[in-house]
Amino acid sequence: MTGTLTPGRIAACLGLLAAGALTGAAGWLVVDLWFPAGLLLGLLALFGVFLAGRITLGVGLGVGPAAAGWFLAYVMLSVPRPEGDFLLSSSGIGMYAYLLGGTVLAVICATMRGPQDRPIQAARPAK
């Protein structure tokens, strides 16, 4: 059954959360460092983490922990420090493109269909 919580699934979710946070933090730094190529590299890494979550857990919700980690990294890195400065500046189109592109990739990976997925039918088959 794909919906049961087992210790292995919980560990996979925690690992995906950590992988999403690390990939998100590294992606923000790469996008800020090398704009056009860094954006593509960061989005490609995000796609890999999101797809790994989808494949590992076998359901679309497997993207959730990785996406949550990625978004938490964004929030933590963009909050101003007590001194008033930011760890990551949100100036430039690269940061917004990374945020929008990551969101689009998460939705794509969560809604893609695999070979094991069957269409849902509203009516029961006749006997």
Side-chain angles (χ1 to χ4, degrees):
M1 183 176 219
T2 58
T4 59
L5 278 177
T6 62
R9 289 177 77 86
I10 293 171
C13 285
L14 292 175
L16 287 167
L17 183 74
L22 289 174
T23 305
W28 286 113
L29 294 173
V30 169
V31 167
D32 205 22
L33 214 64
W34 308 307
F35 171 59
L39 177 63
L40 293 175
L41 185 64
L43 289 175
L44 185 65
L46 274 181
F47 180 70
V49 171
F50 294 157
L51 189 61
R54 168 80 167 138
I55 292 170
T56 300
L57 295 181
V59 292
L61 291 177
V63 178
W70 165 68
F71 191 71
L72 283 174
Y74 163 72
V75 169
M76 295 304 292
L77 292 174
S78 65
V79 171
R81 296 178 45 201
E83 295 85 19
D85 55 349
F86 293 92
L87 186 59
L88 288 179
S89 66
S90 61
S91 62
I93 195 161
M95 295 299 174
Y96 296 113
Y98 184 63
L99 187 62
L100 180 65
T103 304
V104 168
L105 287 175
V107 170
I108 287 171
C109 288
T111 57
M112 67 181 8
R113 293 178 46 131
Q116 74 277 9
D117 296 334
R118 291 184 300 241
I120 298 173
Q121 297 178 355
R124 296 180 117 173
K127 292 184 180 179

Review point. So which heavy atom on V59 is nearest to which on R9, and how close?
Key: CG2-NH2, 4.3 Å

Review point. Going hydrophobic residue to hydrophobic residue with side-chain gaps under 4.5 angstrom, can you get from V31 over to F71?
Key: yes

Practice item. List the atom of G24, the atom of A73, and the distance in Å for their closest heavy-atom pair. Key: C-CB, 4.2 Å

Check your understanding: What are the two closest heavy atoms between A106 and V63, and how far apart are they?
Key -> O-CG1, 3.6 Å

Check your understanding: Tell me, do L46 and W70 make a side-chain contact under 4.5 Å, heavy atoms counted?
Key -> yes

Review point. Less than 4.5 Å apart, any side-chain heavy atom of Y98 and any of T103?
Key: no

Revision key, fill the gap. Scanning both residues in full, the closest heavy-atom pair of G38 with V30 reads CA-CG1, 3.4 Å

Review point. Is L77 reachable from M95 through a run of hydrophobic residues whose side-chain heavy atoms are each under 4.5 Å from the next?
Key: yes

**Study point:** ILVMFWY network linking L33 to L41, side-chain heavy atoms under 4.5 angstrom
**Key:** yes

Check your understanding: Closest heavy-atom contact between A97 and L39?
Key -> CB-CD2, 3.8 Å

Point to revise | pair V104-I108: side-chain heavy atoms closer than 4.5 Å | key: yes

Study note, to complete from the structure: Heavy atoms of C13 and P65 approach each other most closely as O-CB, 3.5 Å

Review point. Is the count of non-hydrogen atoms from other residues, nucleotides or ligands lying under 6.0 Å from L14 atom CG greater than 12?
Key: yes

Review point. Would a 4.5 Å heavy-atom cut-off, applied to side chains only, mark M112 and L51 as touching?
Key: yes

Check your understanding: Side chains of L99 and Y74: closer than 4.5 Å at any heavy-atom pair?
Key -> yes

Review point. Is I93 linked to L43 within one hydrophobic cluster, defined over Ile, Leu, Val, Met, Phe, Trp and Tyr using a side-chain heavy-atom separation of less than 4.5 Å?
Key: yes

Practice item. Identify whether I55 and F50 are in the same connected component of the hydrophobic contact network (ILVMFWY, side-chain heavy atoms under 4.5 Å). Key: yes

